[in-house]
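First up is the structure itself, then whatever we jot down about it.
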Amino acid sequence: MKIKETPLKDCYIIEPTIFEDDRGYFFEKFNEKKFEELTGMNGHFVQDNISKSSYGVLRGLHLQKGEHAQAKLVSCLEGKVWDVAVDLREDSPTFGKWFGIELTAENKTQLYIPRGFGHGFSVLSETAVFSYKCDNFYNKESEGSVKYNDPDLNIDWKISDSEAVLSEKDENAASFKEKNF
């Protein structure tokens, strides 16, 4: 697996080495020891989540706050998504910056999002199955969110506002200036 830095501090792209033949393919999706050696980051995950969504669904920007903060390793198992990470760590040199990447079942690329980041994705294919590996357990009382279309962040979601299918929680998320993180 190859690990590449993104423009955001501590946020990494993970590209697998894929071995293909006439039977199909094989790849190592994640190796905790190799990840920690290459990044210096903790790569121990305790919870896996899967979501399935249709075209235009936009989930985000979500995070867990305080002692329940979560780092995530995300990938698209079926279809195609535009995945976005936003650095919400006020002491970070990349605070308030975002990074987006297309994750697909075909490219098998993953994105590591450290604790203190907001995360979201928009579905670009008819449907998508999305995987989240988390390094801490979910806690409802520790949820935070930032409005997906906040003008201070100016995120390009690769779909129009009129195509975005949102949950009530995401429609009513706080602005970046409200610092619900």
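The chain is numbered in sequence order, starting from 1.
For E168, the CD atom sits in a loose shell: 12 or fewer heavy atoms of surrounding residues, nucleotides or ligands are nearer than 6.0 Å. Crowding of K9 atom NZ: a count of heavy atoms from other residues, nucleotides or ligands under 6.0 Å not exceeding 12. The number of heavy-atom neighbours closer than 6.0 Å to CD of E163, taken from other residues, nucleotides and ligands shown, is above 12.
By the ring pair (Phe, Tyr, Trp, His ring centres under 6.0 Å) test, F117 pairs with no residue at all, sequence neighbours left out. Residues satisfying the ring pair (Phe, Tyr, Trp, His ring centres under 6.0 Å) criterion with F19, sequence neighbours excluded, are absent altogether. Not counting sequence neighbours, Y138 has no partner by the ring pair (Phe, Tyr, Trp, His ring centres under 6.0 Å) test. In this structure, K147 has no side chain to side chain donor-acceptor pair (under 3.5 Å) partners at least two apart in sequence or on a different chain. Take F45 and apply the ring pair (Phe, Tyr, Trp, His ring centres under 6.0 Å) test, not counting sequence neighbours, and it matches F30. Residues that satisfy the side chain to side chain donor-acceptor pair (under 3.5 Å) test with T39, not counting sequence neighbours, are absent from this structure.
Side-chain contact, S92 with K97: no donor N or O sits under 3.5 Å from an acceptor N or O. For the 3.5 Å distance criterion, the side chains of S167 and R59 fail to qualify, holding no donor opposite an acceptor.
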Inset, instruction - With side chain to side chain contact (heavy atoms under 4.5 Å, CB included) as the test, would you mind laying out the steps for E36 and N42 before giving the verdict? - result: CA-CA 6 Å; E36 289 178 1; N42 176 7; 3.5 Å; yes
Inset, instruction - Go through the steps for F35 and M41 under the test side chain to side chain contact (heavy atoms under 4.5 Å, CB included), then give the verdict. - result: CA-CA 7 Å; F35 179 79; M41 307 291 290; 3.8 Å; yes
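When each of K29, K133, E15, K72 is tested with Q110 by the rule side chain to side chain donor-acceptor pair (under 3.5 Å), just one qualifies, namely K29.
Contact annotation: the side chain of Q70 approaches that of Q64 to within less than 4.5 Å [non-hydrogen atoms, C-beta and beyond].
Classification of the F121-H119 ring pair by plane angle, with boundaries at 30° and 60°, yields tilted.
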